[in-house]
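Take a look at the structure below.
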Amino acid sequence: MASFSFLNKSGFSASVVLFMLITVASTAQNNILVFQSDFGLKDGAVSAMKGVAMGVSPDLKLFDVTHEIPAYNIWEASYRLVQTAPYWPAGTVFVSVCDPGVGTQRKSVVLLTKSGHYFVTPDNGTLTLVAEQMGIQEVREIDEVNNRRKNSNESYTFHGRDVYAFTGARLASKTITYDQIGPKLPNQIVSIPYTKPSFVNGKVKGTIPILDIQYGNVWTDIDKKLFNQLGIKIGENIKVQVFNSEKKAYEGTVQYVNTFGEVPEGSDVGYFNSLLNFSLGINMANFSEKHGVLSGSNWSIILSK
Amino acid sequence: MASFSFLNKSGFSASVVLFMLITVASTAQNNILVFQSDFGLKDGAVSAMKGVAMGVSPDLKLFDVTHEIPAYNIWEASYRLVQTAPYWPAGTVFVSVCDPGVGTQRKSVVLLTKSGHYFVTPDNGTLTLVAEQMGIQEVREIDEVNNRRKNSNESYTFHGRDVYAFTGARLASKTITYDQIGPKLPNQIVSIPYTKPSFVNGKVKGTIPILDIQYGNVWTDIDKKLFNQLGIKIGENIKVQVFNSEKKAYEGTVQYVNTFGEVPEGSDVGYFNSLLNFSLGINMANFSEKHGVLSGSNWSIILSK
Amino acid sequence: MASFSFLNKSGFSASVVLFMLITVASTAQNNILVFQSDFGLKDGAVSAMKGVAMGVSPDLKLFDVTHEIPAYNIWEASYRLVQTAPYWPAGTVFVSVCDPGVGTQRKSVVLLTKSGHYFVTPDNGTLTLVAEQMGIQEVREIDEVNNRRKNSNESYTFHGRDVYAFTGARLASKTITYDQIGPKLPNQIVSIPYTKPSFVNGKVKGTIPILDIQYGNVWTDIDKKLFNQLGIKIGENIKVQVFNSEKKAYEGTVQYVNTFGEVPEGSDVGYFNSLLNFSLGINMANFSEKHGVLSGSNWSIILSK
């Protein structure tokens, strides 16, 4: 497993942002409440949160991003939100609970993005990528005197249920307005620092923020505009070097394709993934496993012609 | 893995019961149907149950507790129900299918609790903890002549789909009344025997009914009232001994905290979990793995000052 | 793991078909949209699809078959659809995305079955079993000029989100009629070839298309009518031979039962599963693990008196 530190880096494509600008940004909540957590699905924690929400309003429609965020991995929580939120209608309320500091002094906030999406979460870095790519319209701190499940004050370890699900449900169902969340904060959130990808001396350098784990594809933070400075066309080869810290982990040549089926099974390819970031894969096989490439702040990639 | 036998023990906090008494107990079904099973999510079994429910009434709202109950583990099914049900509105109907005796003479029942929740399940021990903590208002046996999916009589092994989901959906949608479930039974259910925690000679003795598996925390059955007889205050140390049957599995001292963030990363703590039972954990790490502590009827714990 | 090839074989029971004929076949969409994929639940891919659907119509009700289809396993995708679809109301729209050929020339289609269910999917074999057992009423090719998410043309690798979820949502919500999907195709789909089970010389020969993985039961493609030609009655013994290609993998005698509880724990049994196909199991244990029996095109079974 790659170790994700808070220094992880990323860079998303301009296309995602464009997509959102085209969407009409409405801030009216729409009764849609989407949960994310690092709780897993083996116990009753997610269900308890949904029960609280249905107790607030039976008109809510409840969905999930994922509950398989690795325990305490705030960076991945941040990535999964920005991977999915732009595809939900404006007005949708997200509740994200990856909260290693539960019960401590980290703030509980609701971010309203310029795209009209709401994010209810501890302000611990979870908002890094949605704030950057969807834009900060306003940030409010949750007033836990008014916005906390009744009789839950003795519980210090499950704010997901007692504060976030409860507040998200009240907001999504318009039981409270956004103003009633609590006091307005400055337009900034706790952000995980990371380095942007760059084009230098005819090479593109980026990082590997995350794996497409189900298929073993390797997702970088290099977008199409940056990649295009290499002048490589579909069907041509790309030279790839991957480093784990200073150590070279992989060196090879992959064919630049639109989609996997353009090459025989077992061939290595470079392509743009569903978020329009440069990625490495193998037709019908697992690039990460075959070549020992993982993800995290210490994994970097260099592309050249 | 700890082996869960039917002799497992538990004890829940008075606070959960208090919470439910505060809730207004309404018995009117609310179109909310919540499923639990040991089916897993890799095949189509859960989906078949939900399809049957939507065929009964498209107005139903379908949710889940979990479908990752370990196969045949009735104790854990019982625990997950009581961990979550109190957070759902009164009138909610739960369908729980952990049914190693499917097709045999165990009864199929619907329990209505004093809190106004319904539980549709084989009466095989699954109801142990909800009956005890949420109270038995009434028990009825499912009349399978009227309450069984049409043309399903040749199937002997999937009552979850053919009887429980079908009946739960009809009840939740008010297609049938509670009386139409079938004949009233005495106010008792099949209960898994277990020993209650106790305070003796200045020590509190309890058991470890279950792990908080996602994070590796160890949950006991010792509630706050019992613990407080030790006279230990937040910030002070607790002496802990854990036994696997007669053999000592762990001995150590943990700091009594409200929440993990009060100690440095890696420190062992004792705290009250989201069900307000005494638990052991490590800030940002896995107590169960580090100290080899598991759960089950054979795992006991002794706390002292 | 058994290797599933496209030569896998299966045979379903006449009872499933009967069940569907009894159901009134209505083709009116009912706002129910059911997703299946090989994406897993660890990232945001499934959530992105559901977000797109809710953007099409907030009146949709979204459900799942499973997202744990093994990567690229079209046969299993086909099996899970036919295992579940008959239990959903007519008019339900299924979106199945197991799409190793994404972005290549395989067609994107919507099948309307005689039972009144819709299936939105790449035409790559996924429809094999539902077409055969639920009947082909009509097949249409998705016109991707009209039926594709706006501004998604740069993305070549996630038709699940950009085409299938979008089109399925528009169809289920009656935003478009079935005719507006695109041009009508001949009444045939790409089918994975497989051999039917048979009764020869007093023996029944079949295959093992899939395992009941949660419990380790072994599901064959032998239905009750075929089995009954052996003249074996409940409580009597069945001689079983299992072959992995030409090599004998298991030989034994099992008792023919209606349900597991009829024999002591640990006893091997033969029974008819919830799809009414002959299956092997052990009361409270895992047949597949104990006897080393797996599933796939190379696994065959012979039953005799």
Side-chain angles (χ1 to χ4, degrees), chain B residues 6 31 33 35 37-64 67-74 97-106 122 124 149-163 165-166 169, chain C residues 13 15-16 18-20 22-23 30-32 34-36 41 61 63-70 76 79-92 94 210-217 219 224 234 257-262 265 271-276 279 281 283-286:
Chain B
F6 289 174
N31 266 324
L33 186 57
F35 290 93
S37 75
D38 62 353
F39 298 165
L41 291 172
K42 292 188 178 170
D43 69 13
V46 171
S47 189
M49 291 199 298
K50 291 186 177 174
V52 166
M54 289 311 283
V56 167
S57 169
D59 296 332
L60 288 171
K61 292 157 208 154
L62 309 186
F63 299 96
D64 308 281
H67 296 283
E68 305 288 351
I69 300 290
Y72 319 127
N73 192 326
I74 294 170
V97 191
C98 177
D99 193 12
V102 61
T104 64
Q105 291 307 308
R106 92 278 179 266
N124 59 8
R149 199 172 58 80
K150 271 189 187 161
N151 308 303
S152 71
N153 287 323
E154 275 192 75
S155 171
Y156 291 86
T157 58
F158 197 1
H159 285 191
R161 180 191 68 197
D162 300 331
V163 177
F166 180 74
Chain C
S13 75
S15 309
V16 172
L18 273 173
F19 167 69
M20 295 184 310
I22 289 161
T23 304
N30 58 13
N31 266 324
I32 300 176
V34 185
F35 290 93
Q36 170 174 285
L41 292 172
K61 292 157 206 153
F63 300 96
D64 308 281
V65 176
T66 177
H67 296 283
E68 305 288 351
I69 301 289
E76 188 159 328
Y79 197 100
R80 295 308 176 202
L81 284 182
V82 85
Q83 181 185 358
T84 53
Y87 300 98
W88 288 86
T92 297
F94 295 83
I210 211 152
L211 298 178
D212 181 15
I213 36 181
Q214 183 76 352
Y215 306 100
N217 301 322
W219 286 10
K224 216 162 198 169
I234 289 288
V257 300
N258 276 324
T259 192
F260 290 63
E262 298 168 19
E265 289 191 16
Y271 69 103
F272 282 85
N273 69 10
S274 56
L275 301 176
L276 304 180
S279 302
N283 188 20
M284 301 293 285
N286 188 307

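So that the names make sense, note that chain A is the first sequence line, chain B the second, and so on, each numbered from 1. In this text the structure is predicted, and so the values were computed from the model without any measurement.
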Leading residue by heavy atom contact count with chain B [cutoff under 4.5 Å; candidates C:His67, C:Arg80, C:Glu262, C:Glu68]: C:Arg80
Is it the side chain or the backbone of B:Asp162 that comes within 4.5 Å of chain C heavy atoms, both, or neither? neither
Side-chain donor or acceptor of C:Ser274 paired with backbone N/O of B:Thr157 under 3.5 Å: no
Could you pull out the closest heavy-atom pair between B:Ser47 and C:Asp64, with the gap in Å? OG-O, 3.0 Å
d(C:Asp212 CG, B:Phe39 CZ) to nearest 0.5 Å is 9.5 Å
With sequence neighbours left out, the residues meeting side-chain contact (heavy atoms from CB on, under 4.5 Å) with C:Asn31 are C:Asp59, C:Leu60, C:Ser173
So which part of C:Phe63 gets closer than 4.5 Å to some heavy atom of chain B, the side chain, the backbone, both or neither? side chain
From C:Thr259 OG1 over to B:Tyr156 OH, what is the distance, rounded to the nearest 0.5 angstrom? 9.5 Å
Search all heavy atoms of B:Ala71 against all heavy atoms of C:Gln214 and return the closest pair with its distance. CB-O, 4.3 Å
Only pairs of heavy atoms separated by less than 4.5 Å count here; which of B:Val56, B:Asp43, B:Val102, B:Val52 has the most with chain C? B:Asp43
State, to 0.1 Å, how close B:Gly51 and C:Pro89 come at their nearest heavy-atom pair, and which atoms those are. O-CD, 3.8 Å
Matching residue for C:Tyr87 among B:Met54, B:Lys50, B:Arg149 - test: side-chain contact (heavy atoms from CB on, under 4.5 Å): B:Arg149
Over all heavy atoms of both residues, which pair between C:Ile213 and B:Lys42 is shortest? Give the atoms and the distance, please. CD1-CB, 3.3 Å
Is chain C contacted by the side chain of B:Arg161, its backbone, both, or neither, given a heavy-atom distance below 4.5 Å? side chain
